[in-house]
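The structure appears right after this line, and notes come after that.
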Amino acid sequence: MIDVVFTPASIEAGLGILTDPYILLAIVLGTAIGVVFGAIPGFSATMTIVLFTPVTIAFEPTSALIFLVSAYGGAVYGGSIPAILINTPGAPGSVVTCWDGYELTKQGRAVYTLAVSAIVSGIAGLFAAAVLLVFAPPISSFALNFGPPEMFLLAVFALTIIPAAKGSSLSKALLAGAFGLLIGTIGNDPQLSQSRATFDQTALLDGVDFIVVLIGLFVLTEVFRLGYRGTVVTEDNDRTGGSLSEVYNGVRAVVSRPIETIRGMFIGAFVGSLPGAGADVANFVSYNEAKRWASDELASRFGNGTIEGVIAADSSNNATQGGALIPTLTLGIPGSGATAALLGAIALHGLNPGPGLFDSSGDIVYAMILSLFIGNVLILLYGVSGSQYFGKLAYIPVRYIIPAVTVLAIVGAFAVRNATVDLYIVLLFGIVGILFVAYDYPLVSIVLGVILGDIAESGFVTGWLLTGESATAFLFNSPIAIGLLVLTALSLVITVLKN
Amino acid sequence: MGYETTSRRDVLKVGAVGAAGISIYGGEVLGVVDLFDEQHITVIVPWAQGGGTDRAIRVTTPTWSDLQGIDFVVENYPGGSTQVGGEQVYNAEPDGTTIAMWNLPQMQATWLFQDAPYRTEDFDYIGTHHWDPTMWFAPPDRPYDDLEEFIEYAREEGATVGITAAIGNTALSALLVDETYDLDLSIVNMEGGSGVRQAVLAGDIDAGVNQPWAFDPDHADDVTALGSHTPDQQELWPTAPAFGELGLDEIPLVEEGLGQWKLIVAPGGLRDRYPDRFEELAESYAAVFEDDEFQTRIEEQGGLDEIADYRGPEETEQEVEENAQFMETYADVIENFIYDQ
């Protein structure tokens, strides 16, 4: 079906393009810009691509697309930096990074954690690029088998992480998740386009954007908490003085945990390749699996500052870049929001994404894919060398952090879709976040409900109709559906037994 | 597409454009957009990035910008079956700095089947861009090669048909075929062109209704094109028979042709208040279609040049009114579908 063949000649053509110093400059700049924008709360990889697409108009197509792909990779990684330092995910794919990353920062291990994050991000990105280069055709054919019933079951499987949300009772985690699912129902229904709970706000016809919810719940709530607490981390815990040794410890931590990294990479590349699911879903699934496969002793430390949690999150979210590009480039079907934005940029530069792309512009496509290797090596270099300096940000007095983060968060929330109503939503969820924290309800369960609710609803309604409104036909639609059903059942049984 | 090396001059140019782009976007983000009112035109796209409308406008604005001598900034406002973006352009000042690329009959559907506050007369029309006919596709392993055979199959076995939206031309085509032959089809909204394409390629549905350009003619070998909702064969997908050629003339709107227009609209009042600006925009837009670079660019976009169809302001307005009339005529068909579901 997809006539894309990986050949030495195609590699040679792509490599030829990459020898141009200006192309290399585009990769260096794109990756750096991506890291910086990804690190700003609210500025996801999608928004980074949207923001810089007009800027690339004056570029010739190859350097433009390589610049944007590099920015995409950089932004996915960049989202983890504020997640680790100040408990505010820069992008939806870094929500889970907060759980253990921030706990480690509070213990004075910011440099160590940032180094681990950079290393696993770079390695995962390299892995995903290799997968894209070699296995794009079979994976894109396989991804097509994920129809609506399978997407629904995948979302349900990912929802089983809700009980695992750290530091809360099962009932509170489930209630918070249900609240998130309810928020996800706002807007036009996916099947008949009839509005629900929009309160005459046109912007709400498209629902509540989960990035806005994320900013309100995580960023504003953390800003309030920082103000109350007065510091991110006490000077007593400052271990940035020996930061080089902390970087070295980070390298050792990754080297000694290959299984955790590899598992996260596979999950990320796989989830990323599914149309409609990206880093925002992959990091939850990966974290859940890491916890499930851990020993009881290690599993009990998840959420309290264990490096395995950071590895699980960051290896999966960075591996989605290559995965998400597979259906985008081979079928013209975006694998994530960021790659949908990339489709627009590809068209702007005169290329036509889809099965013919590799025939008509194979040299450019392979140069894009190969540039991911360089970009991820740069992420490794930027991240590892920068972790010593980024780590010191956690010691900046909160009187500087609070206004800076608040302004960036508000700008980020507004920039999602230029809707004033989103500013009120951010404030509302900031207040909701404080109340939930005060009464020990996990914030992440709400976000999980909002992100997955949309996928689950679309998958259920469409799949239900496609399978003739039959429960058995729906649930046993394919071997993949049965497999997901079994995984979900196992996950629930284990959760119940553990609780 | 060949590869070209980048000169130092290009890099400087890129830097300058980049700085300008960041200024514009930064200004919008920080709410100081008024300062730039005379320096760029905002083009609203009521769909997400990467979709057919987004791609069509993004291949057009570079040339239009050169001819008009002003930057065009594309902003996406997806949601509400185009109502979110529609209200953005409806509420914008009619001063020529905000326009939109919209599509028919989706535009009319937002007030016929939703509660959109605007109507046809609330906008000024600058011109059409292209007309993408409604076309039916099927997975290649199905035992039918055209719509006539599909109808026979559906009558015996029942069939599932995927559409791109609940209230647009693809829904109307599916419902008209269903009603004309009393088929009891299971019509499912796949939430966009990508959804229909994926479902057809994966064999999840028995047929999918989309537009050929939106579906992407590069997939010609991967699917069976059952037919187009037109009287005659379409150049963009020549292997697809027209409903008219198959003798399926009893299906409404075959004679007229059912498809999707993409067009440029402006907030109503621009033509009256600033006739010079309106004329300038309309003239430069018309000139876009005469531009060789633009023609090459759209040719590279999966044969968009085959369906590009520029019509001036008056003809565009006439087309909008005709679309509004037939959508009103068949509104009950869609309303019944929504009600039944």
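Just so you know, these numbers use all the heavy atoms, side chains as well, and skip hydrogens, waters and symmetry mates.
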CG (B/Asn91) with more than 12 external heavy atoms under 6.0 Å: yes
Would you mind checking which part of [X] comes under 4.5 Å of any heavy atom in chain B, side chain (CB onward), backbone (N, CA, C, O), both or neither?
X	result
A/Ser458	both
A/Gln194	side chain
A/Asn188	side chain

Donor-acceptor pair between [X] and [Y] side chains, under 3.5 angstrom:
X	Y	answer
B/Thr160	B/Ser186	no
B/Gln83	A/Thr202	no
A/Ser195	B/Gln114	no

Residues in salt bridge (Lys or Arg N to Asp or Glu O under 4.0 Å) contact with B/Glu87, at least two apart in sequence or another chain: none
Pick one of side chain, backbone, both or neither for [X], based on which atoms fall under 4.5 Å of a heavy atom in chain A.
X	value
B/Pro78	both
B/Glu191	side chain
B/Arg297	side chain
B/Phe113	backbone
B/Asp204	both

Residue list, side-chain hydrogen bond (donor to acceptor under 3.5 Å, both in side chains) with B/Thr63, at least two apart or on another chain: none
Between A/Leu192, A/Leu343, A/Leu205, which has the largest tally of heavy atom pairs under 4.5 Å with chain B? A/Leu192
Of all of B/Gly158, B/Gly302, B/Gly193, B/Gly80, which one pairs up most often with chain A through heavy atoms under 4.5 Å apart? B/Gly80
Quick one: sort the B/Phe215 and B/Phe137 rings into parallel, tilted or perpendicular, breaks at 30° and 60°. parallel
